[in-house]
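Below is one structure, written out as structure tokens, with a few remarks after it.
Please read all numbers here as calculations on a predicted model, not as lab measurements. Below, chain A is the first sequence line, B the second, and so on; all start at residue 1.
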Amino acid sequence: MSPSRPSTTLFEDAIDVPLWLETDRATPFAQRSRRDRDIGSQLARGNPVERVRGWWHVVDRRPSSAAGVHLQRTRMLVTVGMAIVGAVAGSGIALAAFHYDGTRPVNVVTLLAALVLLPLLLLLSTLLLIPGRVPGLRTIQDTLAMFSSGAVAASVYRRLVKVPRDLAPLFGWHHARSAAAARFAKWQLLYWSQAAAVSFFVAAITTGFVLVTFTDLAFGWSTTLAAEPGTIEKLVRSVALPWHRLVPSAVPDLTLIERSQFYRLDGSSTLDSGASRALTGWWPFTILAIVTYGALPRLAVLLLAGARLRAATTALLLEDPRVTALLDRMATPAIETAAAEPEQPFIPTSLRNPVPHDPLVDTARAVIWSASIDSSSADAHARKTLGLKLGKVVEAGGGRSLEDDHAAIETICNGERGAVIVFTRAWEPPVLEFLDFIGALRRALGAAPTIIVNPVAETAAGVGVVQRETWSRAIARLADPHLYLETGAA
Amino acid sequence: MSLPRFAVVGHPNKGKSSIVATLAEDDTVAISPEPGTTIAARTYAMRIDGVTLYELIDTPGFQRAREVLAWLNAHDRGAGARADVVAEFVELHRADTRFHDECELLRPILDGAGILYVVDGSRPYGGEYEAEMEVLRWTGRPRMALINLIATGDHVEEWRSALSQFFSIVRIFDAMRADFARRIELLRAFGAIDESWATQLNKAADALAAERAHRKSRAAEEIGDLLVTVLTATESASLPDAAADPGIEDATRLRLRRAVSDREHSARRTVAEIYHHAGLDAHEAAAAFLTEDLFSQRSFSVFGLSTQQLALTGAASGAVAGGLVDAILGGASLFLGAGIGALIGAAGALVGADRLAKVEVLGTPLGGFELRLGPITDPNFPWVMLGRALLHVHLIAERNHARREALVIDAEAGAHLADAIDPARRRSLDRIFRTLRTDLSIDRVARAQLIDAIAASIETG
């Protein structure tokens, strides 16, 4: 079976599948195994993510939590929010950095410091978070993570969605409960911060370009440091190295550098309109510097964070122990040995404790059923357990034929009077054949004579409680008022 | 090739249902000393992915075997027609309540099932069994006799002599005490009843053996995840100000304990289900040790590491860390690293033994304060959890499905169960527990190590 493309995102599934599997713990294991194996055997083998998502697509999962959709929507909202915040900040800083009121040129040094140097330092701090927790740098990494714009985004996220307790660790690097959750939190934080950063630079570059296009900007450079134009030229060439062949016009030459140096104390009057035209030559350099050292690295980190975030989301799904167990159930042949339905528990009939109320005379007749006692020791046993002497003794049951049983009944009924003791094996259950014999005996004896069923123990330990109860219930089922069970126990 | 089917037949109360429960690993099979517990034939199919490899059929016991035999003898038309006469008996008496049990047990045999005739070798042989065996012989189906041992008596040889007159294969099988290896051995032996069934039965036996090994891994994973969850569990509560509130702290502590206990119970249930003992919960109530409060002093003293082992394990882990320093310094440290590490490790283990869970009051970024309780930092806590889980899985894995009595654990013999774990494995586990306590997570490699160590401990447990 190749299920149609899931309508949910990987992130939604990474949230919802483990949550649902947690509630699914209440389903009996055998049932889960059978269900998951059935679905698993219909899915293509190979990619575990596809198998889990395929399973999720077809499993009957009512009622299902909508946490994944909710979190995904909020996640997108926060990403857009971060992009907007980044764009507003980028535009604002660009407007300030490219500010030119005609009195002094735009200071390239300030502009590059604000839009290239500082972002480069921030990028460096971001890069420190990428390799994971490095021994010796943990405190620095934790501090940087705490103050990252991504951490602010995560905080806003938690505030917006009121994340369930189980999911809260997903959006905090410090609180992650599994390596996969820690990785996810890290890359989500980085993704949000880089989304803001890329947006920042796109807005800054756009703003700069718009200002260059629609306003009259003049660029110069000024610094308190003792910098010779020659030194600045070398610096500028180094900075422009990535594009100097591609866009040679975007590399300011020494003449431009010399002409564009200014000092605030000189005032603006020294710059005539011709000089102003020449000074516009800086703008391609500044825009390309921002693109090359600001936007492109951030874009690269954003792409990396995006790819790693997807991998971390995959891990979040696949490394969850509940999902691991699911994949195991899908892959393992379902072995069933039990009956389809549990057997109804056996309910024994109520127990009757028969108490002999018939007067017993000294002598009784006896039937030894199924060689339960040696005929030579039957009398001694009857004296000991019942206080009765034995008269006529016959044998029935066991390996004897049914005709033998009838003959035994006839023999026992002829002549003597008094109670009839039926010795039987205590350890054998009272099968219907025995009860049939008792019934036939009663019919032959008539209603009045007492019949005593005496289960004989296998050992001197006597008849056990369970054996006595079993025999007692069987005798009770015959509902014979003159039929008693006597085991000789106190 | 026909499907191997086996009708488990015999006198009432001789362990037919116990044998079926053991082989089918089904603890819902009704087993009782009362005769007539099984009132209808019931099929237990062994299936792999829905494909049946063999079937066991539990049947009611013989109630009127001599009467049946008398009827058969009265209608005998010669040896070649005896199976037909049995079929006629069943057909004629199918609505006769007097022979309900006989019809139920003979029907699957007439449908082609092999015969597994069960007797109790702990009780003396009796002549009444001969009628049963003779009736079975009349069916002409392949058959095996199984001598079950319900009580402590020994009449096996007496039985063996009698059974040999009617059965070409006689085996002893103690349904109540048979371990997994014996069960598989018996299953393979069923192939001797009908050679055409041997391949199918061996395939089933191989699959069951593979599944048995897989169960251990699943149980180890469940215990590993239990440990990771409970060792990183925290609870939090909002606080009006930075001052500690004993009432809120107590309530939070109670919640944390309940969460840990609930998770432990859930893991136990899963482990029981993995070993097909889903119905064991009711019996478990009597096992005082496993129901002992997880956080009680008694639980710590029985399941955790002894103070001495705790210190030794802490010292060993510390020494390993210190040893790394020595290795880096090429021995220039005169192995002080290992020594100091051992001392710190041992001291940490002992000092930490009295505290259970870390309590912190934190300011929240958006104002207000939060009480955070946990994770549980007592160094003996993971050992208590592990000791309890190992004992439980051991009892479950070894428990025969025919047994119906409550789990019973020798209380005093079980003291400091975690001490029995192999020292090297204990050190490895200790390092993982430390990582969990400090980082609140472990990576995939450490998780695999944790599960391996647990699986190995289950094996030796």
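Judged purely by distance below 3.5 Å, without hydrogens or angles, the side chains of A:E458 and B:H155 pair a donor atom with an acceptor atom. Between the side chains of B:E128 and A:S370, at least one donor N or O sits under 3.5 Å from an acceptor N or O.
Your options are B:A45, B:G126, B:G61, and the one with the most heavy-atom pairs under 4.5 Å with chain A is B:A45. Chain A forms the most heavy-atom pairs under 4.5 Å with one residue out of B:E130, B:E211, B:E221, and that residue is B:E211. Listed options A:A315, A:G398, A:S33, A:G399 were ranked by heavy-atom pairs under 4.5 angstrom with chain B; first place goes to A:G398.
For a residue to count as touching a neighbouring chain, one of its non-hydrogen atoms must lie under 4.5 Å from one of that chain's; by this rule A:S401 touches chain B with the backbone only. For B:T43, the part sitting under 4.5 Å from any heavy atom of chain A is the backbone (N, CA, C, O) and nothing else. In this structure, no portion of A:E403 lies under 4.5 Å from any heavy atom of chain B. With a 4.5 angstrom heavy-atom cutoff, B:T435 does not touch chain A via any of its atoms. With a 4.5 angstrom heavy-atom cutoff, B:E222 touches chain A only via side-chain atoms. Looking at B:Y125, only its backbone comes within 4.5 Å of chain A, counting heavy atoms on both sides. The parts of B:I274 that come within reach of chain A are both its backbone and its side chain, each placing non-hydrogen atoms under 4.5 angstrom from that chain. B:D49 touches chain A through backbone and side chain together, each having a heavy atom under 4.5 Å away.
The existence of a salt bridge linking B:E273 and A:R32 is confirmed by a sub-4.0 Å separation between a basic side-chain nitrogen and an acidic carboxylate oxygen. Of the charged side-chain nitrogens involved, at least one lies within less than 4.0 Å of a carboxylate oxygen, so that B:R66 and A:D405 count as a salt-bridged pair.
Nearest heavy atom pair, residue B:R447 against residue A:P321, reads NH2-CB, 3.7 Å. Summarising the geometry of A:P429 relative to B:P12, their closest heavy-atom pair is CG-O, 3.4 Å, with the distance given to 0.1 Å.
Remark: B:D154 pairs with no residue by the salt bridge (charged side-chain N to carboxylate O under 4.0 Å, His left out) rule, at least two apart or across chains. Applying the ring pair (Phe, Tyr, Trp, His ring centres under 6.0 Å) criterion to A:F434, with sequence neighbours excluded, gives A:W369, A:W471.
Put simply, the side chain of A:E336 never gets that close to the backbone of B:M46: no donor and acceptor are under 3.5 Å apart.
Here the side chains of B:H276 and A:T337 are in contact, with some heavy-atom distance below 4.5 Å.
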